[in-house]
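Presented below is the structure to which this report refers.
Just so it is clear, the model here is predicted, and its values are computed rather than measured. The analysis underlying the following values was restricted to heavy atoms, covering all of them including side chains, and did not include hydrogens, waters or symmetry mates.
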Amino acid sequence: MKRLLILCAVGLGLAFGIAAADTPTTIKRDGVVLTLPQEKRAEVIGDKLRCLVCQNETVENSAAGLAKQFRGIIRRRVVRGETNKQIIDFMVHRYGIFVLLKPPLIPLTFLLWFSPAIALVLGLVVLFFARRRKQAEPASLSPDERDRLKELLS
């Protein structure tokens, strides 16, 4: 019985050792070698940034060459130990606020954030004036015009 337990323990140890050996601890992406937690952080940052070529895709999902360069910049800065905010601030400083997928609410972006409300208000104003103009009754005919109309229709 004791031999069987030792054999089972050795077998489990080998199985866990093989499984651990197959699991990589580092990954190379976009020319940068990172640990798996660093890669996760880089993906989170890349998901917040817009590909300037594709415009509605994140840097992580885009296949454009510029997005690949962005991913390389992000990963190198993650490896250097910069915080997410420092990396995003660098990207905004270098490429402008348009690089953010969700721009902040600042005076520069007021039109972007409030344009749906402004369009709704303008639409309601146009609708109000259009209905008001439509409701105006045409002037009634004078007696001379009525006589002339009867003459023309007969």
Side-chain angles (χ1 to χ4, degrees), residues 15-154:
F16 285 125
I18 290 171
D22 287 343
T23 306
T25 56
T26 60
I27 186 170
K28 184 174 184 179
R29 186 156 182 221
D30 299 315
V32 181
V33 178
L34 320 109
T35 62
L36 293 179
Q38 288 174 331
E39 174 60 19
K40 293 280 185 201
R41 258 190 68 213
E43 288 176 0
V44 167
I45 295 168
D47 283 338
K48 292 180 181 175
L49 299 176
R50 175 192 321 267
C51 172
L52 297 180
V53 175
C54 308
Q55 301 207 355
N56 281 332
E57 284 190 73
T58 65
V59 166
E60 287 299 315
N61 294 332
S62 175
L66 185 62
K68 185 177 180 181
Q69 291 177 2
F70 281 11
R71 288 191 299 265
I73 292 169
I74 292 167
R75 281 165 176 76
R76 282 189 291 278
R77 289 181 171 265
V78 165
V79 169
R80 272 194 243 158
E82 294 183 19
T83 64
N84 293 7
K85 184 175 179 349
Q86 287 174 322
I87 296 168
I88 289 173
D89 287 347
F90 170 78
M91 297 298 281
V92 169
H93 178 73
R94 185 172 231 185
Y95 298 102
I97 203 162
F98 187 71
V99 78
L100 295 175
L101 269 177
K102 186 178 177 186
L105 186 60
I106 57 175
L108 182 64
T109 61
F110 278 170
L111 186 62
L112 176 71
W113 282 102
F114 297 115
S115 60
I118 293 170
L120 178 67
V121 169
L122 287 176
L124 289 175
V125 168
V126 168
L127 184 66
F128 172 76
F129 283 111
R131 288 194 65 182
R132 190 172 173 194
R133 178 180 287 170
K134 197 175 189 180
Q135 290 175 352
E137 298 256 340
S140 62
L141 298 177
S142 66
D144 292 337
E145 291 171 334
R146 282 190 193 139
D147 292 340
R148 175 83 176 127
L149 183 61
K150 282 182 185 174
E151 185 180 302
L152 288 173
L153 291 176
S154 58

In short, salt bridge (charged side-chain N to carboxylate O under 4.0 Å, His left out) pairs touching residues 50-73 with sequence neighbours left out are Arg29-Glu60, Asp30-Arg71, Glu60-Arg75
What one should report as the nearest heavy-atom pair of Met91 and Leu49 is CG-CD1, 3.8 Å
Rounded to the nearest 0.5 Å, the CD atom of Glu43 sits from the CD atom of Glu39 at a distance of 4.5 Å
Is there a side-chain contact between Leu124 and Phe128 (heavy atoms, below 4.5 Å)? no
_side chain to side chain contact (heavy atoms under 4.5 Å, CB included) evaluation trace for Val78 with Val32_ = CA-CA 10 Å; Val78 165; Val32 181; over 6 Å; no
Output for pair (Asn84 CG, Asp89 CG), nearest 0.5 Å, gives 10.5 Å
Taken in chain and number order and not counting sequence neighbours, the residues that satisfy side-chain hydrogen bond (donor to acceptor under 3.5 Å, both in side chains) with Thr109 are none
**OP:** May I ask you to decide whether Arg148 forms a salt bridge with Glu145, counting only side-chain N to carboxylate O separations under 4.0 Å?
**Re:** no
Here the gap from Thr26 atom OG1 to Gln38 atom CD, rounded to the nearest 0.5 Å, amounts to 10.0 Å
Closest non-hydrogen contact found for Leu52 with Val99 is CD2-CA, 4.1 Å
To the nearest 0.5 Å, atom OG1 of Thr58 lies from atom CD1 of Ile45 at 13.0 Å
For Leu101 and Asp47, the nearest pair of non-hydrogen atoms, with its separation, is CD1-O, 3.3 Å
Practice task
Check whether any side-chain heavy atom of Arg132 lies under 4.5 Å from a side-chain heavy atom of Phe129, and answer yes or no.
Solution key: yes
Any side-chain heavy-atom pair from Leu112 and Pro103 closer than 4.5 angstrom?
yes
In this structure, CD1 of Ile87 is separated from CD1 of Ile74 (nearest 0.5 Å) by 7.5 Å
